[in-house]
Amino acid sequence: MDRIRVLGGRPLRGSIAISGAKNAALPLMIASLLSEETLVLDNVPRLADVAQLQHILGNHGVDIMVSGKRVGDNENAGQTLQLSAKNIVDTTAPYHLVSKMRASFWVIGPLVARMGEAKVSMPGGCAIGTRPVDFHLDALRALGAEIDIEQGYVLARAPRGLKGARITFPKVSVGATHTALMAASLAYGETLIENAACEPEVADVAACLEKMGAQIEGAGTATVRVQGAKKLRGARHAVLPDRIETGTYAIAVAMAGGDVVLAGARPELLQSALDILKQAGAEIGVTNEGIRVKRDGTGLAPIEVETAPFPGFPTDLQAQLMALMTRARGTSKIVETIFENRFMHVQELARLGARIHLNGDTATIEGVERLKGAPVMATDLRASVSLVIAGLASEGETMVHRVYHLDRGFERLEQKLAQCGAAIERVAG
Ligand code: EPZ
């Protein structure tokens with residue numbers, strides 16, 4: 001298994017190209033199941049999760065072509081996928097595939113909407129919490145699907161199609177909003193989704209569904225109205241930039257010091273995180289190219305923050321921010337309100353000398369003078385990258401084990417950081 005070696009103490013200078021958003025690319029790929037015609041997606045990141053979803057969609061019969069670059073394209077520019085779900089040959093998503101990637105459960109909405117049936121394995125628990133799927137199932141029931149659970153599989157049936165309805169989520173869920181939006185796009189009549197997730201990735205998927213022929217109002221707000229179409233057509237759509245990757249590198253610069261332009265990043269996608277970084281002492285500017293992050297040798301101020309649905313501070317940046325706060329001058333507090341067990345990085349950060357106290361959903365971080373490199377273990381995607389960030393400011397060598405977690409969601413992480421001067425490399429085997 002590959003490892004990543006980081007030698008701390010070098011500032012970051014230069015430019016990092018921000019990739020397309022993983023959490024938009026995945027549901028956009030799944031949306032291809034809604035149409036017999038081809039969906040072309042540009043700016044798709046090269047990630048293990050994208051490859052895994054290609055495999056899963058292939059199992060349903062989706063024909064996927066990964067096209068090359070255009071003249072003048074940078075060799076690392078996002079890839080273009082052409083997904084054609086003309087013939088869906090199988091409406092079952094088996095356990096061995098769904099268990100590898102939770103978002104693959106989301107095929108359930110498009111499959112039942114278009115094919116009248118779907119049999120999808122329950123995704124099971126994962127490292128950051130129990131993560132049930134009840135909101136997805138309630139949304140499909142509201143749209144007229146019959147739902148049964150048998151031997152770990154959800155069976156959804158709507159032989160005469162889905163029908164528009166009012167769906168009110170008890171709590172904001174990104175995934176359940178995707179399910180409701182995609183299913184409603186092929187349902188008969190109007191669907192009203194209340195307490196919908198406002199995340200930019202939801203709005204991006206809605207924009208693509210509109211190009212495919214659904215009429216959607218209010219995407220990106222808590223109240224979304226969808227007029228379903230009898231059939232959806234093919235379309236072409238570019239995935240929006242990854243706000244979590246953007247925030248991660250912004251935090252890395254705040255941690256290591258330096259001056260980096262995050263090329264292609266859009267500040268409005270992560271304003272709350274940028275505000276927190278300013279409070280902590282980073283200089284944030286907006287340029288024609290993207291976002292510029294600077295920090296000179298001055299100390300970091302402690303912060304207090306709660307994770308929240310968009311536009312609040314994202315749970316997907318919580319671990320990275322915690323790594324940063326281990327070096328603040330004073331005591332910080334981070335409350336995790338979205339997932340009940342997303343603190344796996346705490347014990348690993350402690351191995352580097354961090355002082356963090358956990359009490360339920362609250363982490364209290366006492367800033368320390370120095371961190372010292374050590375071997376650490378990646379546990380989930382965002383936790384892993386927090387260890388890399390901590391390594392950038394630790395004395396000596398930090399070796400991050402089990403980096404396959406990182407490859408699920410960060411494209412060329414070590415190259416992007418190394419090209420800005422970090423001493424970081426992948427060690428094979
Ligand atoms: C999405 O997960 C993201 N995944 C996550 O990113 C992200 O952390 C999360 O949204 C929150 O922003 C993708 O987009 C692929 P939720 P999702 O449904 O949709 C509860 C990463 O690192 N809930 O918004 O699965 C749930 O337990 C990943 O890239 C129910 O109770 O998250 C949680 O407490 C990790 N019942 C809360 O809602 C349900 O049916 C929010 O979860 C669904 C969710």
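This one's a predicted model, so the numbers in the text were calculated from it and none came from an experiment. Computed from heavy atoms alone, side chains included, the values below leave out hydrogens, waters and symmetry copies.
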Residues Met1, His401; criterion side-chain contact (heavy atoms from CB on, under 4.5 Å); working and verdict: CA-CA 8 Å; Met1 271 190 278; His401 294 263; over 6 Å; no
Can you list the steps and then say if Ser19 with Lys416 is a side chain to side chain donor-acceptor pair (under 3.5 Å)? CA-CA 11 Å; Ser19 299; Lys416 289 188 184 189; 2.9 Å; yes
Kindly determine whether Thr80 and Asp42 satisfy side chain to side chain donor-acceptor pair (under 3.5 Å), including the steps that lead there. CA-CA 4 Å; Thr80 294; Asp42 295 308; 2.8 Å; yes
Checking side chain to side chain donor-acceptor pair (under 3.5 Å) for the pair Asp275/Gln279: CA distance, chi angles, key distance, verdict? CA-CA 6 Å; Asp275 290 345; Gln279 262 181 50; over 6 Å; no
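Using modelled atom types and a 3.5 Å distance limit, the side chains of His405 and Ser384 yield no donor-acceptor pair. For the residue pair His237 and Asp204, a side-chain donor N or O sits within less than 3.5 Å of a side-chain acceptor on the partner. Remark: the Thr248 side chain and the Gln320 side chain contain an N/O donor-acceptor pair separated by less than 3.5 Å. In summary, the side chains of Thr315 and Glu336 do present a donor paired with an acceptor at a separation below 3.5 Å, with no hydrogens or angles considered.
Under a 3.5 Å cut-off, the side chain of Gln419 and the backbone N or O of Ser15 do form a donor-acceptor pair. Of the possible donor and acceptor atoms, none in the side chain of Asp361 sits under 3.5 Å from a partner among the backbone N and O of Thr337. Of the possible donor and acceptor atoms, none in the side chain of Thr326 sits under 3.5 Å from a partner among the backbone N and O of Gly367. Although no hydrogens or angles enter the test, the distance criterion places a donor-acceptor pair under 3.5 Å between the side chain of Tyr153 and the main chain of Tyr95.
Dense packing is recorded around CZ of Arg426, with more than 12 heavy atoms of other residues, nucleotides or ligands lying under 6.0 Å away. A 6.0 Å sphere centred on CD of Gln151 holds no more than 12 heavy atoms belonging to other residues, nucleotides or ligands.
A salt bridge links Arg243 to Glu201: one of the charged nitrogens lies within less than 4.0 Å of a carboxylate oxygen. A salt bridge does not link Arg295 with Glu283: none of the charged nitrogens is closer than 4.0 Å to a carboxylate oxygen. Asp242 and Lys22 are not joined by a salt bridge, as no carboxylate oxygen comes within less than 4.0 angstrom of a charged side-chain nitrogen. Using a 4.0 Å cut-off between a side-chain N of Lys or Arg and a carboxylate O of Asp or Glu, Arg408 and Asp49 qualify as a salt bridge.
A distance of 11.5 Å separates SG in Cys208 from CG in Leu181, rounded to the nearest 0.5 Å. Taken from CG in Asp407 to CG in Asp2, the straight-line distance is 7.0 Å, to the nearest 0.5 Å.
Contact detail for Ala256 and Leu12: the closest heavy-atom pair is CB-CG, 4.0 Å. Scanning both residues, Leu269 and Pro200, for their nearest heavy atoms gives CD2-CB, 3.6 Å.
Applying the ring pair (Phe, Tyr, Trp, His ring centres under 6.0 Å) test to every pair with at least one member in residues 177-234, sequence neighbours left out, gives these pairs: Trp106-His178.
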